[in-house]
Asker: 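Here you go, one structure.
Note that the coordinates shown come from a computational prediction; the quantities given were computed from them, not determined experimentally.
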Amino acid sequence: MATPYVTDETGGKYIASTQRPDGTWRKQRRVKEGYVPQEEVPVYENKYVKFFKSKPELPPGLSPEATAPVTPSRPDGGEPGLSKTAKRNLKRKEKRRQQQEKGEVEALIRTLDKVSLGETAPLSSALPGSQAAPTAASDPPDSAATTEKAKKIKNLKKKLRQVEELQQRIQSGEVSQPSKEQLEKLARRRALEEELEDLELGL
């Protein structure tokens, strides 16, 4: 805010009298020629700061119109304001969650198949033969099949470990009321053990 000046008939300059918040008035003050009030004194900037402020933001030769369309299209599909890494992490989490849901659904289907197959013995004997035919057909990439089986075995062992840990936590009283997912996990234990035995026998 600029300071209000008053000039008298002799040519002298004065800072006009102002009212204080309590209602009293300040006297007007005489000002010498060349006086600059404190609030109007420019902030000191050294030559480097001045140079960088005067420097254009864009590289020489690049027009501002060329960069204008790039900025609105930055938040592509993801949530606005997120960095590339954050967007990538969100996509990974979503993919993991979908794979986990898919794996749980497949495991439930397998357990249901085994339960229904356990009731009818002739069908259960026919099923391993039908599963053996595709594996026999895929014998040439033998190393790929064995590594795939090893991964499945490792995954099944991990799931069984988790089920056992959950069961111990429930027995020790650490988990007083297990959730629906935890109960489903416990119910799948037998199916996981059978599947692990089948895979280990197949190796």
Asker: Going by the rule side chain to side chain donor-acceptor pair (under 3.5 Å), which residues pair with Asn46 if we only count those two or more places apart in sequence or in a different chain?
Answerer: none

Asker: Closer than 4.0 angstrom, basic N to acidic O: yes or no for Arg97 and Glu101?
Answerer: yes

Asker: Linking Ile, Leu, Val, Met, Phe, Trp and Tyr by side-chain heavy atoms under 4.5 Å, what else ends up with Phe52?
Answerer: Phe51

Asker: How long is the span from the CG atom in Asp198 to the NZ atom in Lys152, to the nearest 0.5 Å?
Answerer: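 Going from CG on Asp198 over to NZ on Lys152, the span is 11.5 Å.
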
Asker: List the steps, then state whether salt bridge (charged side-chain N to carboxylate O under 4.0 Å, His left out) holds for Arg190 with Glu194.
Answerer: CA-CA 6 Å; Arg190 186 68 202 134; Glu194 288 174 3; 3.7 Å; yes

Asker: Should side-chain heavy atoms under 4.5 Å link Ile, Leu, Val, Met, Phe, Trp and Tyr, which residues sit in the same cluster as Val43?
Answerer: none

Asker: Rounded to the nearest 0.5 Å, how far does CG of Leu160 lie from CG of Asn155?
Answerer: 10.0 Å

Asker: Which residues pass the side chain to side chain donor-acceptor pair (under 3.5 Å) test with Arg88, sequence neighbours left out?
Answerer: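 Per chain and number, Arg88 pairs via side chain to side chain donor-acceptor pair (under 3.5 Å) with no residue.
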
Asker: Can you list everything that forms a salt bridge (charged side-chain N to carboxylate O under 4.0 Å, His left out) with Glu45? Sequence neighbours excluded, please.
Answerer: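 In terms of salt bridge (charged side-chain N to carboxylate O under 4.0 Å, His left out), with neighbours along the sequence ignored, Glu45 is linked to Lys53.
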
Asker: Can you name the one residue among Thr18, Asp22, Thr24 that meets side-chain hydrogen bond (donor to acceptor under 3.5 Å, both in side chains) with Arg20?
Answerer: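 Result: among Thr18, Asp22, Thr24, Thr24 is the only option passing the side-chain hydrogen bond (donor to acceptor under 3.5 Å, both in side chains) with Arg20.
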
Asker: Rounded to the nearest 0.5 Å, how far apart are CG of Asn89 and CG of Leu82?
Answerer: 10.0 Å

Asker: Report the distance from atom CD of Glu197 to atom CD1 of Ile153, rounding to the nearest 0.5 Å.
Answerer: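 CD1 of Ile153 is found 11.5 Å from CD of Glu197.
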
Asker: What's the spacing between Ile15 CD1 and Arg30 CZ if we round to 0.5 Å?
Answerer: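 Taking CD1 in Ile15 and CZ in Arg30, the distance rounds to 12.5 Å.
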
Asker: Quick check: closest heavy atoms across Ser17 and Lys27, and the distance to 0.1 Å?
Answerer: CB-C, 4.1 Å

Asker: Side-chain heavy atoms under 4.5 Å apart, restricted to Ile/Leu/Val/Met/Phe/Trp/Tyr: what other residues fall into the cluster of Val105, or is it alone?
Answerer: Ile109

Asker: So, taking the atom named NZ in Lys93 and the one named CD in Gln100, what distance separates them when rounded to the nearest 0.5 Å?
Answerer: 13.5 Å

Asker: Would you mind checking if Glu193 and Arg189 are paired as a salt bridge, meaning a charged N to carboxylate O distance below 4.0 Å?
Answerer: yes

Asker: Can you see which heavy atom on Gln167 is nearest to which on Leu186, and at what distance?
Answerer: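 Looking at all heavy atoms of both residues, the closest pair is CB-CD2, 4.0 Å.
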
Asker: Measuring only between side-chain heavy atoms, which start at C-beta, is Lys185 closer than 4.5 Å to Arg188?
Answerer: yes

